[in-house]
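Take a look at the structure set out below.
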2 protein chains.
Amino acid sequence: MVSRVPSKARPQLSPDLVVAAAAQVLEREGFEGLTMRAVAAQLQVQAPALYWHFPNKDALQVALYDHLMADLVFELQGRDWRKDIFDMAQQLRRHLLARRDVALLLPHGFFVGPNIMGHAEKILAILIRAGLAPKDAGYAMSTGFSYVITWVIGEADLVARRATGHDGNDELAQAMVATGAYPHFAQVIGSFEAGGDVDGQFAFGMNCLIAGFAQLIPER
Amino acid sequence: MVSRVPSKARPQLSPDLVVAAAAQVLEREGFEGLTMRAVAAQLQVQAPALYWHFPNKDALQVALYDHLMADLVFELQGRDWRKDIFDMAQQLRRHLLARRDVALLLPHGFFVGPNIMGHAEKILAILIRAGLAPKDAGYAMSTGFSYVITWVIGEADLVARRATGHDGNDELAQAMVATGAYPHFAQVIGSFEAGGDVDGQFAFGMNCLIAGFAQLIPER
DNA sequence: ACCTGAACACCGTTCAAGT
DNA sequence: ACCTGAACACCGTTCAAGT
């Protein structure tokens, strides 16, 4: 007789366990390696088993994204709302960059999850307290959120390309500049030869947005 | 003997022909249907034939994106740089929305192609003429570009979801609001019940950016 | 030089069947 | 209720072989 409660019993599958396994696969194999089969293997289970807990891969990805936001806690000064918003953007950026390929999990726009909601609530509180109308606060948040996500995808891509050596895109750009048909572009490229300041560029865009947000506060 | 120049001769394959076929497939089947096999079928050719003209699917996608930008011509007033930048963003948005799934072609950041370069040159000219330093102009352009792309992906997704009926995300949002744990979020959702103004929201974000750009112009 | 045929090594997902 | 085995209908890509 086989024991009904085997000692090596791997715990029964649950959505949380699946998400945790997916997180490990993502960190180890990257976004391209995040397949249903790989997640199943991580759990020592067959791929179709996952479909009992998630309707499809998209749903798993969304849950995974939310899961990876669980340990993001904004640390704010609470003196100037502009600084607070900026700090949140910066901390979100760092958080996303520190975990492999997280930003790629969200092909489509904003969505809802328990952890995400907590962050959104905090951001909206600050914006509304700063004087923005609720509707404007909503616009501002989603705009800022999109900015950070898009930025992180670009930045991760950049460091990946630098790691693998030459760009391929850079060469093409050089070639086109050499034609002399793009004087302004050439000028801009030239100003980047020092290497470009990633932190500075991120701050630039974010501060642009914040400056725009500030204009929405009605005069009192 | 078979004639050496068959009358029904489909012209020999070329990168341009492949890209044109890919454009048709994208418009007809959408991004998900854009497979090497489908493009090949459009050309009445076997899939591996494409690999003679493009090293891989990514390269084809990039070429396709650039191709789809060929018939975008910015129409500008040339009086106020802010208005011109805004108009370009608006026209780019409309252009992207009018062609199915174009914005999805660019998973990674900016890249280079002949048509793209022409547009970049025009944008940079305006920004530099407005008084931005070349480096700032470069930052501004890529920030604005990312904004529009991300926006369009979100907007296309939105109309797609509306077309298919209920959201699934909306329901979840409602449920979370009902918990009462997210008062600000609830407030924001409430202010959108009128339906939300897509054009207005796009303009909002873009104007935020432009306001930020303006702050970079040194005082004279 | 340019394309076909056949195959490799995968995918997400479904579904009957087991326990 | 929860998972396996086997399969379906695909993918991108490689490569020997044809012309």
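Below, chains carry the letters A, B, ... as their sequence lines are ordered, and counting in each starts from 1.
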* Asked: Is it true that the side chains of A:Q46 and A:R37 contain a donor and an acceptor less than 3.5 Å apart?
  -> no
Taking N or O atoms only and anything under 3.5 Å, show me the protein contacts with nucleotides 12-18 of chain C, one pair per line.
residue : atom : partner : partner atom : Å
C:dG12  : OP1  : A:K57   : NZ           : 2.9
C:dG12  : OP2  : A:M36   : N            : 3.2
C:dG12  : N7   : A:R37   : NH1          : 2.6
C:dG12  : O6   : A:R37   : NH2          : 3.3
C:dT13  : OP2  : A:Y51   : OH           : 2.8
C:dT13  : OP2  : A:K57   : N            : 2.9
C:dT13  : O5'  : A:Y51   : OH           : 3.4

* **Pair B:T150-A:T150, side-chain donor/acceptor within less than 3.5 Å** => yes
* To do: Nearest whole angstrom, please: distance from the P of C:dC2 to the CG of B:L17.
  => 13 Å
* Structure fact -> Rounded to whole Å, the CD-P distance (B:Q46 to C:dC2) equals 18 Å
* Asked: Starting at CD of A:Q12 and ending at C1' of D:dC2, how long is that distance when rounded to a whole Å?
  -> 6 Å
* **A:Q44 CD to D:dT4 P, straight-line distance once rounded to whole Å** => 11 Å
* Roughly how far apart, to the nearest Å, are D:dA16 and C:dC2 at atom C1'? -> 15 Å
* Please name all residues satisfying side chain to side chain donor-acceptor pair (under 3.5 Å) with A:D16, sequence neighbours left out, ordered by chain then number. => none
* Asked: For C:dC3, does either OP1 or OP2 sit under 4.0 Å from a side-chain N or O belonging to B:W52?
  -> no
* Would B:T143 and A:Q201 count as having a side-chain donor-acceptor pair, cut-off 3.5 Å? -> no
* Asked: Do the ring centers of B:Y139 and B:F213 come within less than 6.0 Å of each other?
  -> no
* **Duplex segments of DNA chain D, taken as runs of at least three Watson-Crick or G-U pairs that stay under 3.5 Å** => C:4-8 with D:12-16, C:12-16 with D:4-8
* Asked: Between A:R94 and A:D87, does at least one N-O distance fall below 4.0 Å, as a salt bridge requires?
  -> no
* Please assess A:H53 against A:L17 for the test side-chain contact (heavy atoms from CB on, under 4.5 Å), listing each intermediate value before the final yes or no. => CA-CA 10 Å; A:H53 304 277; A:L17 279 176; over 6 Å; no
* **SB check A:R99 A:D71 (cutoff 4.0 Å)** => yes
